[in-house]
**Student:** 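Sharing a structure here in structure tokens format.
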Amino acid sequence: TADAATALGELVGDRAEERDLAGRIPGETVREASRRGLLCAQVAAEHGGLGLDSRANGELTAHAGSLCGSLRSLMTSQGMAAWTVQRFGTAVQRGTFLPRLTGGETAGVAFSESGAGSDLSAMRTEIRREGDTVHVTGRKVWVTGAAYASLLVVFGTYGDGAAVVVVPADAPGVRIERVPDPMGCRAAGHADVRLDGVRVPADHLLSGAGLPVALLATAALTYGRLSVAWGCAGILRACLDSTAAHTRTREQFGKPLADHQLVARHLAELAVAEQVALRCCEHASACWDENRPELGTQAVVAKYVASREATKGAATAVQVLASRGARDGHPVARAYRDAKLMEIIEGSTEISQLLLADHVRTGRG
Ligand code: FAD
């Protein structure tokens with residue numbers, strides 16, 4: 001993990017701010033991150049991956065989250081793509097697609113549509129098999145990483161159920177249009193994807209076709225929730241570091257900001273927020289690594305807690321740095337914009353609350 005963290009640090013360097021402002025990471029940097037297995041580090045060595053467990057991958061993700069929210073977003077979607085193939089693909093499909101995701105290519109995961117955000121049962125994208133060919137038609141929105149991707153992992157309806165198909169981004173009928181000026185994670189290549197009568201070989205259809213959408217999507221989202229949660233723990237770490245450093249040196253009213261009690265309280269709250277987020281992430285990752293049945297719920301808890309703490313914590317950091325942090329590309333300003341979006345994705349704060357309340361109501365676990 002230490003080597004992977006060093007490699008990530010080298011790929012980000014001091015360019016996170018510049019990339020955020022430009023809204024782009026150079027394609028070669030993204031490909032290099034993929035080639036080094038950093039974007040989906042839980043993929044096994046037999047498929048070219050680093051074979052990390054969930055905890056170690058989480059720590060790597062938190063490190064990325066502390067450096068560059070956009071690269072961390074690409075890790076989340078690539079990891080989700082890889083996990084979906086791992087979970088639903090056949091041995092041949094795993095052997096075909098996973099080495100591509102650890103070998104320089106990248107993938108976006110496409111669930112959302114303009115009419116199907118929180119409610120994925122409203123998806124209209126149609127996946128239909130005819131002999132050796134699978135036809136895909138629909139329109140996806142806000143697909144993270146799609147602007148860089150050579151593969152798209154597309155969820156859609158399939159008869160009475162749902163299915164997942166791997167679509168090459170350059171297949172005839174695929175059109176990728178960047179989301180203009182996203183509020184945060186600006187260099188994560190969010191794009192809308194049109195799929196007009198796209199045809200792919202039937203072996204691109206992952207097994208499990210026809211299962212309920214909730215079952216297919218929840219498997220992918222569980223990985224995504226954990227990844228986002230760890231990323232938010234990283235955002236909190238960056239905010240804590242910036243705030244601690246600034247309040248030690250900046251003096252007002254004749255003493256360092258950290259010696260003013262109301263400012264010191266912000267430091268304490270940030271330190272606690274980071275710990276709380278980390279503990280929830282560690283617990284959910286332990287559930288993953290030990291294959292425990294409460295994983296799904298604990299991934300929701302981790303994502304819910306960490307994204308809310310990161311949103312509050314980043315706002316606190318901007319408050320404490322004041323004019324020094326009030327520049328668009330500054331780490332705490334990026335944290336403020338990036339963290340808020342983490343409350344929307346992979347099941348919003350409200351959807352997480354509904355899932356957790358449902359869990360309590362039905363007395364599971
Ligand atoms: P809506 O579903 O319209 O919700 C609007 C508001 O209503 C929210 O606050 C929501 O919590 C609330 N709400 C909805 N239903 C209920 C309810 N039943 N009870 C209470 N409150 C409710 N999609 C992909 O497929 N792939 C990606 O890689 C991807 N990346 C993204 C990255 C970013 C930065 C963002 C912002 C979005 C991304 N999305 C992606 C889309 C994302 O999954 C959706 O934005 C998300 O599911 C919410 O859907 P929506 O925006 O349509 O909001």
Side-chain angles (χ1 to χ4, degrees), residues 20 23 39-40 65 68-84 106-125 127 136 138-149 151-157 162 164-167 169 176-195 213-214 216-225 227-228 231-232 235 300 303-304 307-308 310-311 314 334-358 361:
D20 180 70
L39 298 180
C40 49
C68 174
S70 294
L71 191 63
R72 198 279 310 150
S73 296
L74 295 181
M75 288 171 78
T76 297
S77 48
Q78 184 95 338
M80 231 184 338
W83 170 243
T84 305
T106 57
V109 181
F111 309 95
S112 306
E113 301 176 5
S114 60
S118 300
D119 178 13
L120 289 179
S121 70
M123 272 191 314
R124 292 285 168 266
T125 294
I127 301 174
V136 192
R139 179 153 194 212
K140 297 294 186 181
V141 296
W142 271 96
V143 180
T144 301
Y148 302 108
L151 295 173
L152 299 163
V153 174
V154 177
F155 286 67
T157 63
V164 190
V165 64
V166 181
V167 176
I176 295 177
E177 292 164 7
R178 268 183 182 268
V179 173
D181 306 321
M183 169 182 147
C185 304
R186 286 176 174 167
H190 306 112
D192 296 345
V193 178
R194 296 178 90 101
L195 302 143
V213 65
L216 289 171
T218 302
L221 287 172
T222 293
Y223 181 98
R225 286 169 181 154
S227 179
V228 164
C232 287
I235 289 177
V300 175
K303 189 271 176 187
Y304 171 77
S307 61
R308 281 175 39 128
T311 301
R334 276 190 283 122
Y336 184 69
R337 292 189 275 99
D338 294 354
K340 185 62 206 169
L341 298 187
M342 299 305 106
E343 277 203 77
I344 296 172
I345 62 169
E346 320 294 2
S348 64
T349 290
E350 292 78 11
I351 294 300
S352 301
Q353 286 168 331
L354 291 175
L355 290 171
L356 296 173
D358 193 44
R361 223 176 10 245

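Whatever order the structure lists them in is the order used to number ligands and atoms, beginning at 1.
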**Student:** Going by salt bridge (charged side-chain N to carboxylate O under 4.0 Å, His left out), name the pairs with one or both residues in residues 338-352, residues two or more places apart or in two chains.
**Tutor:**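 For residues 338-352: K340-E343.
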**Student:** Mind checking ring pair (Phe, Tyr, Trp, His ring centres under 6.0 Å) for Y223 and listing every partner two or more places apart, or none if nothing turns up?
**Tutor:**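 Y223: ring pair (Phe, Tyr, Trp, His ring centres under 6.0 Å) contacts with W288.
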**Student:** Who are the residue neighbours of ligand 1 when the rule is a heavy atom under 4.0 Å from any of its atoms?
**Tutor:**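 Contacts of ligand 1 under 4.0 Å: V109, A110, F111, S112, G117, S118, V141, W142, V143, T144, H190, L341, I344, I345, S348, E350, I351, L354.
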**Student:** Among all residues two or more places apart in sequence or in another chain, which pass the side-chain hydrogen bond (donor to acceptor under 3.5 Å, both in side chains) test with T125?
**Tutor:**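 Checked T125 against side-chain hydrogen bond (donor to acceptor under 3.5 Å, both in side chains); matches are E113.
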**Student:** Closer than 3.5 angstrom, by distance alone: can the side chain of K303 be matched with the main-chain N or O of S352 as a donor-acceptor pair?
**Tutor:**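 No, the answer is negative, given that no donor and acceptor are paired below the 3.5 Å cut-off.
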**Student:** Is there a side-chain contact between L74 and Y148 in this structure, where contact means two heavy atoms from C-beta onward sitting under 4.5 Å apart?
**Tutor:**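 Contact flag for L74/Y148 side chains = yes.
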**Student:** Checking the side chain of W83 only, and the main-chain atoms of C40 only, is there a donor and an acceptor separated by less than 3.5 Å?
**Tutor:**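 No, the answer is negative, given that no donor and acceptor are paired below the 3.5 Å cut-off.
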